[in-house]
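Report on the following structure.
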Amino acid sequence: MRSFLARSVELALRRGGASSGRRLFSSDAAPERKVVILGAAGGIGQPLALLMKLNPLVSSLALYDIAGTPGVAADVSHINTRAQVAGYVGEEQIGKALEGSDVVIIPAGVPRKPGMTRDDLFKINAGIVKSLCTAIAKYCPNAVVNMISNPVNSTVPIASEVFKKAGTYDEKKLFGVTTLDVVRAKTFYAGKAKVPVADVNVPVVGGHAGITILPLFSQATPVSNDLSHEDIKALTKRTQDGGTEVVEAKAGKGSATLSMAYAGAIFADACLKGLNGAPGIVECSFVQSSVTELPFFASKVKLGKNGIEEVLGLGSLSDYEKEGLENLKPELKASIEKGIKFAQEN
């Protein structure tokens, strides 16, 4: 009999995405799929490794970090689920970790600390992302890449430039994981609207930092007519400041690691379903886009066998959301350009 935890995770994966009524493939029917986590020994990487080990769509799970990975891999490997686990440590082993991978998830980097903005992370994490993407271009150029490392508004453009230089860039396979913004928006909306959280969907567009995060509560389902304009403003602000809320609550001892691991697992699951040909897989993600004048933007994305099947439009926006959209563009534009400039100059 499967454990309560494994069944609970499977239920969460079924209902966690933007599309409802989706069914997980059984492990018997699912094709062989290799998932790699780069930064697997970190605060996000370890719970993410646990969640991916519990996903029946994963047949091979490769865990990589600069230290500590053999222990994480040994620990996770004892769980009685389908995925075969291997741990890799140090630059000399990254090629072995990446070879043959279908999905590469990148939570590597340093976490945010009190008083630190996502932009402060840039100098450290940009270099880490650049080196990891250089390895991806060399060892698994056709893999779907899920970027978690912050600041996502800059690290996704960095990755795109690295892949362009290597001649391997495929805009359909590079994703900035903004799912945590969606997860928070769903949770906060459900609490305020007093509706079951499992039934809630809220698209979140823009970027993945501060005011660039724009939850579209006007499109939230189920519809609630009880929320005032002030309620919507407060929900928007809380969604935008969700990361800071956790950093402050942990009082200098960490950032949003557990909820981010859950969100990363939800998005990776959606990518795997898409690769396996499941219909109707739609998630919000920060991708190359023509939805606005910006080269990268988060919106709903339809996933398929080649990664992105279609980048979907914004739909109808409230006046408040239209104002938020215009306000976020300068900051998002600057972050994108910062990432591109770093990649081109380093």
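Quantities reported herein were computed from a predicted structural model and do not represent experimental measurements.
For residues 37-52, there are no salt bridge (charged side-chain N to carboxylate O under 4.0 Å, His left out) pairs, not counting sequence neighbours. Evaluation of the salt bridge (charged side-chain N to carboxylate O under 4.0 Å, His left out) test over residues 171-180, restricted to residues two or more places apart or in two chains, returns none.
Within the 3.5 Å criterion, the main-chain N or O of Leu312 finds a donor-acceptor partner in the side chain of Ser299. Here the side chain of Glu321 pairs a donor or acceptor atom with the backbone of Phe217 at under 3.5 angstrom. The backbone N or O of Tyr88 sits less than 3.5 Å from a side-chain atom of Thr69, completing a donor-acceptor pair. Proximity of a side-chain donor or acceptor of Ser59 to a complementary backbone N or O of Arg33 within less than 3.5 Å is detected. Side-chain atoms of Ser218 never come within 3.5 Å of backbone atoms of Leu317 as a donor-acceptor pair (strictly under, hydrogens ignored). Not one N or O on the side chain of Gln84 forms a donor-acceptor pair closer than 3.5 Å with the backbone of Ser60. Checking side-chain atoms of Ser285 against main-chain N and O of Val287 turns up no donor-acceptor pair under 3.5 Å. Within the 3.5 Å criterion, the main-chain N or O of Glu331 finds a donor-acceptor partner in the side chain of Ser335. In terms of modelled atom types and a separation under 3.5 Å, the side chain of Asp269 and the main chain of Ala265 share no donor-acceptor contact. Thr168 contributes no side-chain N or O that, together with a main-chain N or O of Pro141, makes up a donor-acceptor pair within less than 3.5 Å.
Between the side chains of Thr212 and Asn153, a donor-acceptor pair is found at a separation under 3.5 Å. Defined by atom type and a distance below 3.5 Å, a donor-acceptor pair is present between the side-chain atoms of Ser228 and Asp231. If you check the side chains of Gln288 and Tyr169, you find a donor sitting under 3.5 Å from an acceptor.
A heavy-atom distance below 4.5 Å is not found between the side chains of Val282 and Leu303. Side-chain contact check for Val177 versus Met260: some heavy-atom pair is nearer than 4.5 Å. Between Val129 and Leu132 the shortest side-chain heavy-atom distance does not fall below 4.5 Å.
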Using the salt bridge (Lys or Arg N to Asp or Glu O under 4.0 Å) rule, take Glu310 and Lys302 through it: C-alpha gap first, then chi angles, then the decisive distance, then the call. CA-CA 5 Å; Glu310 185 182 3; Lys302 185 177 181 183; 5.3 Å; no

Report the C-alpha distance between Phe267 and Phe175 in whole Å, list the side-chain angles of each, state the deciding distance to 0.1 Å, and finish with yes or no for ring-ring contact (aromatic ring centres under 6.0 Å, His included). CA-CA 10 Å; Phe267 189 76; Phe175 299 91; 5.4 Å; yes

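Atoms CG and CG, from Leu61 and Leu51 in turn, are 11.0 Å apart once rounded to the nearest 0.5 Å. Going from atom OG of Ser154 over to atom CD1 of Ile336 covers 8.0 Å, rounded to the nearest 0.5 Å. Here the NE2 atom belonging to His229 is positioned 8.0 Å from the OG atom belonging to Ser318, to the nearest 0.5 angstrom.
Taking 4.0 Å as the cut-off between side-chain N and carboxylate O, Lys34 and Asp102 do not count as a salt-bridged pair. Between Glu283 and Lys300 there is no salt bridge, since no side-chain N of the basic residue sits under 4.0 Å from a carboxylate O of the acidic one. A salt bridge links Glu326 with Lys329; the closest basic N to acidic carboxylate O contact falls under 4.0 Å.
Between Leu50 and Val76, the shortest heavy-atom contact is N-CG2, 4.5 Å. Of all the heavy atoms in Ala220 and Val202, the pair that sits closest is CB-CG2, 3.9 Å. The minimum heavy-atom distance between Cys271 and Val144, with the atom names listed, is SG-CG1, 4.1 Å. Nearest heavy-atom pair, His208 versus Asn150, reported as atom, atom and distance to 0.1 Å: CD2-OD1, 3.4 Å. Nearest approach of Lys53 to Ile79, heavy atoms of both residues: NZ-O, 2.9 Å. When all heavy atoms of Leu48 and Pro107 are compared, the closest pair comes out as CD2-CG, 4.3 Å.
In this structure Ser224 satisfies the side-chain contact (heavy atoms from CB on, under 4.5 Å) test together with Tyr189, Ala193, Asp226, Leu227, sequence neighbours excluded. For the side-chain contact (heavy atoms from CB on, under 4.5 Å) test, residues two or more places apart in sequence or in another chain that qualify with Lys341 are Glu345. Among residues two or more places apart in sequence or in another chain, the salt bridge (charged side-chain N to carboxylate O under 4.0 Å, His left out) test is passed with Glu32 by Arg82.
With a 6.0 Å cutoff to the six-membered ring centre and a 45° limit on the axis angle, Lys338 counts as a cation-pi contact of Phe122.
Under the 4.5 Å side-chain heavy-atom criterion for grouping Ile, Leu, Val, Met, Phe, Trp and Tyr, Ile211 is not connected to Val152 through any hydrophobic cluster. Follow the hydrophobic side-chain contacts under 4.5 Å out from Tyr139 and you reach Leu174 in the same cluster. A continuous path of ILVMFWY side-chain contacts below 4.5 Å connects Leu294 to Leu325, so both sit in one hydrophobic cluster.
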List, one per line, each side-chain donor-acceptor pair under 3.5 Å for residues 156-164, sequence neighbours excluded.
residue	atom	partner	partner atom	Å
Ser160	OG	Pro157	O	2.7
Glu161	OE1	Gln344	NE2	3.4
Glu161	OE2	Lys164	NZ	3.4

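For the side chain to side chain contact (heavy atoms under 4.5 Å, CB included) with Ile213, the lone residue among Leu180, Thr178, Val204 that qualifies is Val204.
In this structure, Lys233 places its NZ atom where only 12 or fewer heavy-atom neighbours from other residues, nucleotides or ligands lie under 6.0 Å away.
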